There are 2 protein chains.
Amino acid sequence: MTRKPDSAAVAAWISLARAHRVAMCDVEARLKAADLPPLAWYDVLWELEKAGECGLRPFALEKALLFEQYNLSRLIDRMHKAGLVERCSCPDDRRGQTLHVNDQGRALRQRMWDVYGLAIAEIVGDRLDAAEAERLATLLAKLG
Amino acid sequence: MTRKPDSAAVAAWISLARAHRVAMCDVEARLKAADLPPLAWYDVLWELEKAGECGLRPFALEKALLFEQYNLSRLIDRMHKAGLVERCSCPDDRRGQTLHVNDQGRALRQRMWDVYGLAIAEIVGDRLDAAEAERLATLLAKLG
DNA sequence: TTGATATTGATGCAACTGCATCTATATTGG
DNA sequence: CCAATATAGATGCAGTTGCATCAATATCAA
């Protein structure tokens, strides 16, 4: 019993793969051109900034961003070494730690957003009106 | 003049990133579980199969699949070593080569499609009806 | 023709990812 | 309480990617 996808589903799939690749490559290239780190760093900084005072545990970040545990562990390491993120040992769970973004991290996130936000405006905003963008988000959300 | 994307564009962007990650991780995991190689191999095999007799030049594959030149070069190497792809030296351009899929490659692509096609059916087909899938493809195409 | 430039594809090296596994601590069941 | 199991996070190693650059051939302009 080999089930096959219909052609509309395949077309949507291919468009998803292609649109994602083109869009992400574009953004990553813009960041690199501005001497800024990759998008993943932005995601971490932004989650930590949203988390505020109390910070976030790595496993929470992992779930929020859908990163692999070992990738996140090393990414945090790099970001810590780059002076963007603080690791505080966790009083109530001595296996763990709490992550906090510092001023330098917040400043970097802002600089990244200047580039990233503009890219989103140009890649999405210029090509879809608000209603279309909303419909796109709704359709994509059904795939999650 | 820092231009900012509107919230609908940002929402679409985030959905795109998330839907893509979830969907691709799902498919890659299914392939791995079936002891099959990654999606990129499928793409190469399928392009070569579509190209037929005359095969394809690496630079053509590169454009078709939006791969980086150096990644493609090494991917072809691995696929050649795996006995899936033949490299024929090119009579009219001695810098280049022509790539052909062989029987083993075609057979592998078919086995991959059994898994991949089912995944598309379940991930897209089960969640969007044909009209929705078509609308999604249309919207995503505008981003390319 | 010939020298300058562009294109095709490969590759050395550093960075990153995936996998398996490890240590340390927490939780749970008896 | 204790042993068994689960969870948090780190890490060694192999495989892959990104970057820079190279060699070989093709194209183009004078």
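Computed from a predicted model, the values in this text were never measured in an experiment. Just so it is clear: chains get the letters A, B, ... in the order the sequence lines come, proteins before strands, and each one is counted from 1.
Between the C1' atom of D/dG9 and the CG atom of A/L56 lies a distance of 15 Å, rounded to the nearest Å. C/dT8 atom P lies 13 Å from atom CG of B/L72, rounded to whole Å. Following rounding to the nearest Å, A/E28 (CD) and D/dT17 (C1') show an atom-to-atom distance of 13 Å. Distance, A/E68 CD to D/dT11 P: 18 Å, rounded to whole Å. Separating the NE2 atom of B/H80 from the P atom of C/dG9 is a distance of 15 Å, rounded to the nearest angstrom. If you take CG of B/N71 and C1' of C/dA10, they are 13 Å apart, rounded to a whole angstrom. If you take CG of A/L39 and P of C/dT17, they are 13 Å apart, rounded to a whole angstrom. A straight line from CG of A/L75 to C1' of D/dT11 spans 16 Å, rounded to a whole angstrom.
Between A/R57 and A/L61, the closest side-chain pair of non-hydrogen atoms is not below 4.5 Å. Taking the side chain as every heavy atom from C-beta outward, A/R3 and B/E122 approach each other to under 4.5 Å. In this structure, A/I123 and A/V27 have side chains that are in contact, with non-hydrogen atoms separated by less than 4.5 Å.
Taking the six-membered ring where the residue is Trp, A/Y116 and B/W13 present perpendicular rings, their angle passing 60° and hence far from 30°.
Using a 4.0 Å heavy-atom distance criterion, B/Q97 is classed as a sugar-phosphate-only contact. Counting any heavy atom pair closer than 4.0 Å across all strands shown, A/D93 reaches sugar-phosphate atoms only and no base atom. Looking at heavy-atom distances under 4.0 Å, B/R57 makes contact with sugar-phosphate atoms alone, never a base.
Phosphate proximity of C/dA10 to B/R87: present, with a side-chain N or O under 4.0 Å from OP1 or OP2. Phosphate proximity of C/dG9 to B/S73: absent, as no side-chain N or O sits under 4.0 Å from OP1 or OP2.
Counting only heavy atoms from C-beta on, A/R78 has its side chain closest to C/dT17 among C/dT25, C/dT17, D/dA10. Here the nucleotide nearest the side chain of B/Y70, chosen from C/dA26, D/dG9, D/dG18, is D/dG18.
Each of B/R95 and A/R74 has a nearest nucleotide on DNA chain C; the 5'-most of these lies closest to B/R95. Nearest-nucleotide positions on DNA chain C place A/W41 closer to the 5' end than the other of A/W41 and A/Q69. When the nearest nucleotides of DNA chain D are assigned to A/F59 and B/R94 by heavy-atom distance, the more 5′-ward of the two goes with A/F59.
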Which atom pairs, one a donor and one an acceptor, fall under 3.5 Å between side chains of residues 32-49 of chain B and the rest of the protein, sequence neighbours left out?
{"unit_1": "B/Y42", "atom_1": "OH", "unit_2": "B/R109", "atom_2": "NH1", "d": "2.9"}
{"unit_1": "B/E47", "atom_1": "OE2", "unit_2": "B/K50", "atom_2": "NZ", "d": "3.2"}
{"unit_1": "B/E49", "atom_1": "OE1", "unit_2": "B/R109", "atom_2": "NE", "d": "2.7"}

